[in-house]
Each structure stands twice: as C-alpha cells, then as structure tokens.
Chemist: 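Structure provided below as structure tokens; questions to follow.
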Amino acid sequence: MSTYDDIVQLALERGFYFPSCELYSDSSAGFWEYGPNGVKIKNNFLELWRRELVRRDAMLEIDGTQIMSRSVFQASGHLKNFSDPVVKCTKCKSSFRADKLIQDEVNIEVPERLQNDKVDMLIKENNIRCPSCKGELSTSERFNMMFKVEIGPNHDEAYLRPETCQSIFVDFQRIFKVSRRKLPLGIAQIGKSFRNEISPRQGLLRLREFYQAEIEIFCNPNKLDDLQKFESVRNTVLRIYDNQQTMEVTAAEALERKIIPNKLVAYYLALLVEFFNKTGIVNKRTRLRRLSDDEKAFYSSIAFDFEVDTSSGWLELVACNYRSDYDLLSHSATSKANLQVMDDEVKVLPHVFELSLGVDRCIYSILEHSYFIDREKDDRILLKLKPYLSPIHAGVLPLLKKDEFKAKSFNLVSLLNRDFDIFYDESGSIGRRYRRLEEIGTPFAFTIDHQTMDDDTVTIRYRDSMNQERIKINDVHSFLTKSLSVDR
RNA sequence: GCGACGGUCGUCCAGUUUGGUCUAGGACAUCAGAUUGCCAAUCUGGUAACCCGGGUUCAAAUCCCGGCCGUCGCACCA
C-alpha cells in the first residue's frame, strides 16, 4: 500500500477529510469535506501562514466574495482564455477541442476565440469527421472551466471566481487609498476558488472547489532592487531547480548569479521557504522550480513553482508569478478607472508579484510528510505534526476510571480547554488511549495517576519518544504555551 | 470526456463464477460491562454494510441496462 493510500485511509478513519455528499449517489467528483480534525489542522496551517507571511511582512488581509460579476472575468481574460470550443462525436461520444481538431485535420490557423457557428461552418465545409471512428460530429459547444451562476430574477450573468486574486486586484484601489500604506504592499486573502475540472482526481490534490491562500505584492517596477528588508533573508537557503538539477544557494547568491532577477522576488521566495520550513514539510523534499518560457502562464514574466516531493511525484504547492502590470492594466482598461498610485511623488501603475498557494495540497503534503509507522513499537502509526499544527494539542487521561481521578482530570481540562484543543479520554487501557492520540498527531498526553492525588503532579507523555516525565498541574498551562509556540 | 478494472459494516476483506444455504460472515476499530492499572492485554455482550435507479425472476449482494463514485491509461490542467 502506498503512502497516498495510507493517508486516504487515515483521513477517512479519523475524520481529516472525506468525499462531499457521500450519502447520495449523485455526488460529483472533485468535492471533499474537511472533518473535525481536518478543519483544525487547516486552521492551524493558515494561522502559521498569517504569522510567517502576512504579519511578518505587514501585509493586509481581505476576504472577497466568491461570486463576481462578468466584467471582472472579461478584464482578467478568463472568459476568453478559460473557455474552449468542444465538439462531440455523435457515434462514439468522444469529445475534442474543436479548434485543435480543425487545425490538425485541415492545417489552417484557427483563432481560439472563434464563434461557435464559424467553428461549425469550418467543420462542415471541410467535411471533418471523428478522427477515431469517422462518425459525424455534433455542433460545437463552449466548455468554460468557470462555474456560471445567475443572479436575481433577471438571471444576470456572473461567475464563481476561478482564483481568489481577482478580488485583490479589483479591491486594490480602495485598500491602497484607505490603508495609508506605500509600495511595495502585500495584500493577502484566504478563500475558496472554483474550477470545473474535466476530470478531478486524487482527493485533495485536484478539486473543483478548493482553498487558496494568495498574496499579491504590489510594487514599483522601477524599484525592484530597492528593498531594505531583503537583508533579513539574504542568508536563507533556497533549493532551486533549474535545467534538470537542484542547487542550494542563499538568497543573496541567487541574486548575484542572476538565478533570481531582483531583490523583491528573492525576498518573497525566501519568506515563502522560511514559512514552509515551519510546516513540517521536509525541506530536502522541496524545490523552487524555475519554469521555462513555454510553461509560464501568458501573464507571467518570472515564474517559480514551489514544489514538494510526494508519493505521487512532485506536486505544485505555490505558483509564484511576476504578473507585471497585466492585471491592473486590464482592469483599468475594462473599468475605465485609473489604478495608478503615487510612489515617491511619481505616478505609477504598480506591478504585481504573486504567491498563489493551494491550501488543500499543502494539508495533504503535511500529512504525508508527517506520517510514520514505528516498526520498533508494534507498527504504531503516528503523525509527527508540528505541535502548533496538530488538531489536538494534548490529551488528558485519568489512569483509572475512578471518581477522584476523573475529578482531577476535569479540573485540568477546564484549566486548559479555552486556550488549547484538548481531548479527554477515559475509555480503554491507557496504552490504547496514547495510540489513538498519536495517530492524529497529538504531541502530548497528561495522565492523572495515583501520585497526582498526593502531590498534584501529572505524567506528561511525549508522542515521538514515548518518554514520560512528571510536571506540576499548575505548570501544565505554561508548558503548553511554550511547547506550542513557533520557533523564530 | 473516452477506455479498462472495481464499488459489501468506520476500515480492510469473504461471499458474486453456478441466483435460493445471506436473517450477509470475519478481522481490526468502536461502544457497554467485567478484569487489569503507564503503552493497541483478556473475557462477555452490543452498534454497524450489499453505491443509486430500473429490469429479468417464484427468488438478486450475485444476472442485465443506465447513472454516480474510485483506481489506472489517454486527453485536459488559463
């Protein structure tokens, strides 16, 4: 059984995540729910993201709507670029990209944005038939990866956003005006995005409805190397993959060797790497892959993918794109608003460097890199999650199911449960209870035993080492506070 | 979306070939009780499933058709 299967099984058994609407047989692929443990680890992950990126760099966070008007996607290019003409064979039901099919069959250039009836005409004129069975082709239809929704009684056209960043671009002007901030300015957002994938697969790795945590850095394109705060990350080691090889260089070296073109990009890539070093994802199994020209999105001039090695290969977690002025320019043109801002007495249309993170993929990767089977100890399964990411911070367990043990336990629980995620468990043997806790990554367990009755100390048991120590009940709260803090 | 294979308690699996024995069985997990008292112990008892819809039949987990989901391959992935 592969690690992927292990994780899926653990997710199902312990409520990390599971298929949406599974009670009903008409549930669709590509939709997954986070269960109780999954929500907690996701929240903890996002709080770490806020800490290490948003707060550290004094970014501003917003929360935009998921439904956005048609014009937004006209400006962003999604209406045009996100939709393909598709024809189906009436006989064998195969479907084809109409523009590509015509191009292949008749060898003429077909513009992507050709009207449906023109496509149909071309197919008819050239007598194009199904390439696999020679059956007759249907008239063409548009397949757009965006989910269309209708608003109000007039069915006004709108869409579920296919990426969260559009909210940031359309909100930029107001935020910049009212926040009294200067360039460069990071605006961040956590939220859901929606893509009508043709064939979603592999659980959390490819979803139709998914979480993104995006950061858009608005900057003056003439000042990309004017960045004092770069000094704080100049020695941060980046693992960069380029030309089929991975090299480890500091941020400063990467600049000197022109692997990264400017300080601004280098600084944010370094922040991102430092953030991931605190997630429990193994550093040596990550890389910043420099994208070649033909892999880049059309709007991107500099592109790195932050990737992680998983049991199903290298997986893209964060797309880092220098989008230049593509977004603000097109929103400016479509909306007729002037989106220029003042920077040092000069009017400038900001450029954008983007860090677009796929939350669900990160959660999966963290689970996979944390999953261990302890062959020394009866093959116990444990998730070696960072304590601050764990869905349960600590267990509170009475050694015996006696009233005085329970009473002491409840006291301890009430001392802790407003500040930490605590699980109280009195059922079964003590060993079994420890095993259940460590399977969901709980780093500590406090056991109320006979000695507790004498001196108000409890046993603390550590997940990874299984070691035990005694600690005063009154010190437990500060112990947890200290143990759950994130290293600087 | 196409093709191949699959879908049975929370999880994994048996049963499907040859319809009736299935009132659907086991293991692990879970719950209650007993026992033990610091690492998945033991005993007793319990909860819990044939993916959905239609068809064939006296009778369907089992055969047929359609749908949905999953795995893999192809295509797709701004």
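All of these numbers come straight from a predicted model, not from anything done at the bench. In the text below, chain A, chain B and the rest are named by the order of the sequence lines, each starting its count at 1. No hydrogens, no waters, no symmetry mates; every other heavy atom, side chains included, goes into these values.
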Chemist: So does A:Ser427 get a side-chain nitrogen or oxygen closer than 4.0 Å to the phosphate oxygens (OP1/OP2) of B:C31?
Modeler: yes
Chemist: For a quick check of understanding: with a heavy-atom distance under 4.0 Å over all strands, which category does A:Arg436 fall into, base, sugar-phosphate or nothing?
Modeler: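 A:Arg436: backbone/sugar contact only, no base atoms under 4.0 Å.
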Chemist: Taking the C1' atom of each, how far is B:A24 from B:U16, in whole Å?
Modeler: 12 Å
Chemist: Taking the side chain from A:Ser478 and the backbone from A:Asp475, do they hold a donor-acceptor pair closer than 3.5 Å?
Modeler: yes
Chemist: Under 6.0 Å between ring centres, would you say that holds for A:Tyr159 and A:Phe194?
Modeler: no
Chemist: What's the CG-C1' distance between A:Asp5 and B:C13, to the nearest Å?
Modeler: 15 Å
Chemist: Taking the P atom in each of B:U17 and B:U62, what is the distance between them to the nearest angstrom?
Modeler: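 The answer is 10 Å between these two P atoms.
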Chemist: Backbone N or O of A:Ser167 within a donor-acceptor pair of the A:Gln189 side chain at under 3.5 Å?
Modeler: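 Between the backbone of A:Ser167 and the side chain of A:Gln189 there is no qualifying donor-acceptor contact (under 3.5 Å).
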Chemist: Could you tell me how far apart A:Leu10 (CG) and B:C12 (C1') are, to the nearest whole angstrom?
Modeler: 15 Å
Chemist: How many whole angstroms separate atom CG of A:Asp374 from atom C1' of B:C39?
Modeler: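 In whole Å, B:C39 C1' and A:Asp374 CG are 12 Å from each other.
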Chemist: Within 45 degrees of the axis of the six-membered ring of A:Trp314 and under 6.0 Å from its centre: does A:Arg287 put its NZ or CZ there?
Modeler: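 Checked: cation-pi criterion met.
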Chemist: Please measure how far the C1' atom in B:G7 lies from the corresponding atom in B:C50, and state the result in whole Å.
Modeler: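 About 10 Å, rounded to a whole number of Å.
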Chemist: Closest approach to the side chain of A:Arg206, judged atom by atom: which nucleotide of B:U11, B:C77, B:G70 is it?
Modeler: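 From the listed options, B:C77 comes nearest.
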Chemist: Say you pick atom P in B:G45 and the same atom in B:A40; how far apart are they, in whole Å?
Modeler: 24 Å
Chemist: Between B:U18 and B:A32, how many Å separate the two P atoms, rounded to a whole number?
Modeler: 47 Å
Chemist: Just how far, in rounded Å, is P of B:C38 from CZ of A:Arg435?
Modeler: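 So the CZ-P distance, A:Arg435 to B:C38, works out to 15 Å.
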Chemist: Using the C1' atom as the point on both nucleotides, what is the distance between B:C52 and B:A61, in whole Å?
Modeler: 14 Å
Chemist: Using Watson-Crick or G-U wobble geometry with both distances below 3.5 Å, tell me the partner of B:C72, or none.
Modeler: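 Across any shown strand, B:C72 pairs with B:G3.
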Chemist: Aromatic ring centroids of A:Tyr4 and A:Tyr371 under 6.0 Å?
Modeler: no
Chemist: Could you state the CG-P distance from A:Leu207 to B:G70, rounded to the nearest angstrom?
Modeler: 11 Å
Chemist: Let's test this: given Watson-Crick or G-U wobble pairing with both distances under 3.5 Å, identify the partner of B:G66.
Modeler: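 B:C52 is the nucleotide pairing with B:G66.
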Chemist: Base, sugar-phosphate, or nothing: which does A:Ser76 touch, judged by heavy atoms less than 4.0 Å apart?
Modeler: nothing
Chemist: In whole angstrom, what separates A:Arg463's CZ from B:C39's C1'?
Modeler: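 Distance, rounded to whole Å: 16 Å.
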Chemist: From CZ of A:Arg433 over to P of B:U36, roughly how many Å is that when rounded to an integer?
Modeler: 15 Å
Chemist: Closest to the A:Ser28 side chain: B:C12, B:C69, B:A40?
Modeler: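 The closest nucleotide is B:C69.
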Chemist: For A:Glu438 and A:Tyr434, test the side chains for any donor-to-acceptor distance below 3.5 angstrom and give the result as yes or no.
Modeler: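 Side-chain D/A pair, A:Glu438 to A:Tyr434: absent.
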Chemist: Nearest whole Å is fine: how far is B:G37 P from A:Arg432 CZ?
Modeler: 18 Å
Chemist: Taking a pair as Watson-Crick or G-U wobble with both distances under 3.5 Å, which nucleotide is matched to B:U44?
Modeler: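 Answer to the pairing question: B:A32, which forms a Watson-Crick or G-U pair with B:U44.
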Chemist: I'd like the P distance from B:A27 over to B:A41, given in whole Å.
Modeler: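 Those two atoms are separated by 16 Å.
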Chemist: Does A:Glu197 contact B:C77 through a side-chain donor or acceptor facing the base, at a distance under 3.5 Å?
Modeler: no
Chemist: If you check every side-chain atom of A:Glu13, which of B:A40, B:U11, B:G37 has the closest atom?
Modeler: B:U11
Chemist: What distance, rounded to whole Å, do you find between the two P atoms, one in B:A48 and one in B:C58?
Modeler: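 The answer is 34 Å between these two P atoms.
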Chemist: Give a yes/no on whether any side-chain N or O of A:Lys401 is located under 4.0 angstrom from OP1 or OP2 of B:G33.
Modeler: yes
Chemist: Under 4.0 Å between a side-chain N/O of A:Ser429 and OP1 or OP2 of B:A41, yes or no?
Modeler: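 Yes, within the criterion.
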Chemist: Hey, are the side chains of A:Glu214 and A:Ser193 touching, using non-hydrogen atoms and a 4.5 Å cut-off?
Modeler: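 Side chain of A:Glu214 against side chain of A:Ser193, heavy atoms only: no contact under 4.5 Å found.
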Chemist: Just to be sure I understand the rule, does A:Glu22 reach a base, reach only the sugar-phosphate, or reach nothing, if contact means heavy atoms closer than 4.0 Å?
Modeler: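 Result for A:Glu22 = nothing.
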Chemist: Taking only side-chain nitrogens and oxygens of A:Tyr4, does any of them come within less than 4.0 Å of OP1 or OP2 of B:U71?
Modeler: yes
Chemist: Given B:A78, B:C38, B:U11, which nucleotide is nearest the side-chain atoms of A:Leu12?
Modeler: B:U11
Chemist: For the base of B:C38, is there a side-chain donor-acceptor partner from A:Asp449 under 3.5 Å away?
Modeler: yes
Chemist: What nucleic acid atoms does A:Ser199 come within less than 4.0 Å of, heavy atoms only: base, sugar-phosphate, or nothing?
Modeler: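 Answer is base: heavy atoms of A:Ser199 come under 4.0 Å of a base.
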Chemist: Would you mind pulling out the nucleotide paired to B:C12, Watson-Crick or G-U wobble, both distances under 3.5 Å?
Modeler: B:G26
